[in-house]
There are 2 protein chains.
Amino acid sequence: MTKSRQVTIHDVATRAGVAVSSVSRVLSNHPDVSIDMKRRVEDAARELGYSPDPVAQSLRRGSSRLIGYVVRDFATPFFSDVIEGLESVLNSSGYTLLVMNGGGSQTQEIERMTMLKQRRVDGLLLSTVVDSTPKLRKIVSAYDKPVVLIDRDLDNLDIGRTLFDHVTGIKAATNDLVNLGHTSMVLVTGSPDVRPTRERVKGFLEGLMTSPEAMKKSFEITGAFSAAFARKETTAVMTGNPAKRPTAILSGGVQATIGVLESFSELGIRPGRDVALVVVDDLPWLRILRPRISAVSRDAEAMGRAAATMILDQIGGVKPSTIYLPTSYEARDTSSSLEDVMAYRTKMQRK
Amino acid sequence: MTKSRQVTIHDVATRAGVAVSSVSRVLSNHPDVSIDMKRRVEDAARELGYSPDPVAQSLRRGSSRLIGYVVRDFATPFFSDVIEGLESVLNSSGYTLLVMNGGGSQTQEIERMTMLKQRRVDGLLLSTVVDSTPKLRKIVSAYDKPVVLIDRDLDNLDIGRTLFDHVTGIKAATNDLVNLGHTSMVLVTGSPDVRPTRERVKGFLEGLMTSPEAMKKSFEITGAFSAAFARKETTAVMTGNPAKRPTAILSGGVQATIGVLESFSELGIRPGRDVALVVVDDLPWLRILRPRISAVSRDAEAMGRAAATMILDQIGGVKPSTIYLPTSYEARDTSSSLEDVMAYRTKMQRK
DNA sequence: CAAACTACTGGAAACGATACCAACAATAGA
DNA sequence: TCTATTGTTGGTATCGTTTCCAGTAGTTTG
């Protein structure tokens, strides 16, 4: 711990033999500086190892080159990829990202948002645990800095939004399963309080449209972002009336996927054989599983980059807009046909 | 976006009909305030909805109630648990945690550290990608604020350290494997540039001590924090000379574990049957695998809480110290005996 | 050659708080 | 009654910048 007082703009001014205002002008490259002045100040600054104090700058300017991001849970692989994308753009523009965990509670998220405001962030990024509540709407509309929603929705508000076209991916998956003969399908997913869940349900239902029978026999289970919830629900559905047992499962979100797979492990169910499975959101460690699990995927890092670019634009005065990024379905080993599933089941039956 | 200028301490002073200095005194509960003054100021502050500006406070006080944490990769489950622990303690003491991703590069980490210093954090927490380099040592010793290392080491420096006793856990695992008859074991782990890897190697070697033959035939592979590295190395070792093929594998760290399991999937190797397996660091999604994988675990959240408490203490003037947290080995299904592994292998041979 | 620019430069007032110091009144002690 | 002491308060410098305003010198224009 060294004690040495930090070097200020005054020290630079004294050393260069000029006024502090001139130093400031040079360092923030104001047009009105002579070439000689520029040289002298820059030399002095370099010699003293001066670097401006961001705190003082924030106070004076009212801005901070800081961007805040309040996120439901940054440990989720999806969000950590988003963050990577955000940082890649932000850092190269001289901004710093401040990530705040919401801890799964709207109250805490709002606290974080106001604390970021007090710290004078230049913009706010949001992936909250709940979107579309009046409370959130109120605080967002009262925020006097640019706001960009990431994979969240809040309509009729003049803010930026970067969204995924969740419908397309899951609809394609559902269509594929229908074509493979399935009619009894279940979508297990997270909380309907956020857009991704709502859109996934919508896409699932749209995919079902082509088969009236499937529409009758399939349904979705939404609830909480927790593996325990998904595990319990999956177990209930898979151990219920054998006649009504679904022949295909779709899981939406990391926690749901973990829950579904946990349930399968416990029940001795092998995905792709006893039941078809499509997970929505690919996960890096899914690669270790055989058979390979079919997945709907999306580019989280691209979304991060898009959101960062958007908020920078808004800081620069561009009007808020909404952009959409695609999702895509990739059939792998567990998109098995109804026929195969039924064949396996009757074989088991006989034993 | 509302335009309204923020309410300052001056507004409160005017409203209460007192001097700004008195307002400041009341709000930072200085002892020398009359009960009447206190009431008037508090009323005025409440009526105006005043809250002090942290930026101005930082500038004046030189401190910020902010704690910085520079971490190798916060997407790793271990670190996100640590962060949870940190926040639980810090938030309830009125501090805010600023998490900065190091991006796997020491250069970037050092940049982050200086930026945090400029932002006047009151303390710095570190889990860097490399410890014990002269460069890091230099910058840490020049840091004029309390520093606490989390699961990292840097000796002969007057800073706080919260460390795991990695040796005990992995030594217990190794001993168990030795008792199960194994002599040909391989430890696949991350980069030796950080303490956990070095200690794990040390614990592994200590565990080997009881068997001269094991000491001769077992070895460790250290390298990078990447699944690809671990996968490649595992494949190399498992497809080499059958006579020398290890009968037990220990994997250290998330990425190594993923890599090992990927390799196993590709080669059709089933842990616990073709080879014994112990992973060092339990992972939430390991639960979905059958057989259940033996693991060495540690309490990341507890470490976060300990580190937070320690840095708060140091800010309060307590001398830096070092504390150790335990690690423990839990044998599950994949701690299979040499006998079983060999039986399976020869059975395969005959086919 | 006076007037009007242009190109720089320095001084000083903010930004919003804290903390030191002096001043004041009321009480206690001599 | 006079001084010391205690408790409480207001004024003001300060933290490290930015930015507005004036001022100077040199250049161009009528």
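So that the names make sense, note that chain A is the first sequence line, chain B the second, and so on, each numbered from 1.
- The pair A:Arg46-A:Glu42 does not meet the salt-bridge criterion, since no charged nitrogen lies less than 4.0 angstrom from a carboxylate oxygen.
- The CZ-P distance, from A:Arg120 to C:dC15, rounds to 11 Å in whole Å.
- B:Ser21 and B:Arg25 form a side-chain donor-acceptor contact under 3.5 Å, judged by distance and modelled atom types alone.
- The residue B:Val33 sits close only to the backbone: its heavy atoms come under 4.0 Å of sugar-phosphate atoms, none of a base.
- As judged by a 4.0 angstrom heavy-atom cut-off over every strand, A:Val55 is placed among residues making no nucleic acid contact.
- Summarising the geometry, the separation between CG on B:Leu27 and P on C:dA19 is reported as 13 Å, rounded to the nearest angstrom.
- Among the nucleotides C:dC15, C:dG16, C:dT9, the one closest to the side chain of B:Ala56 is C:dG16.
- Two residues, B:His30 and A:Asp53, neighbour DNA chain D, and the one matched to the more 5' nucleotide by heavy-atom proximity is B:His30.
- Here C:dC8 presents its C1' atom at 16 Å from CZ of A:Arg39, a figure rounded to the nearest Å.
- Taking 4.0 angstrom as the limit, A:Ser21 places none of its side-chain polar atoms (N or O) nearer than this to OP1 or OP2 of C:dA12.
- Salt bridge status for A:Asp193 with A:Arg152: absent, with no side-chain N to carboxylate O gap under 4.0 Å.
- Closest non-hydrogen pair, A:Arg72 versus A:Glu109, comes out as CA-OE2, 4.0 Å.
- Atom P of nucleotide C:dA7 and atom CD1 of A:Ile35 are separated by 15 Å, given to the nearest angstrom.
- An OP1 or OP2 oxygen of C:dG10 is reached within less than 4.0 angstrom by a side-chain nitrogen or oxygen of A:Ser22.
- Heavy-atom contacts of chain A under 4.0 Å fall on DNA chain D between two terminal nucleotides, which in 5' to 3' order are D:dG16 to D:dT19.
- Heavy atoms of A:Ser24 sit under 4.0 angstrom from at least one base atom.
- B:Asp32 comes within 4.0 angstrom of a nucleotide base, judged by non-hydrogen atoms across all strands.
- Using modelled atom types, no side-chain atom of A:Asp81 and backbone atom of A:Glu301 make a donor-acceptor pair closer than 3.5 Å.
- When distances are taken from the side chain of B:Arg61 to each of C:dT18, C:dG11, C:dA17, the shortest belongs to C:dT18.
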(request) Starting from the C-alpha separation in whole Å, work towards a yes-or-no answer on side-chain contact (heavy atoms from CB on, under 4.5 Å) for B:Val26 and B:Arg40. (result) CA-CA 10 Å; B:Val26 170; B:Arg40 287 172 63 186; over 6 Å; no
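- Nearest approach of A:Gly304 to A:Leu86, heavy atoms of both residues: O-CD2, 3.2 Å.
- Along DNA chain D, the nucleotide closest to B:Leu59 and the one closest to B:Pro31 are compared, and the more 5′ of them pairs with B:Pro31.
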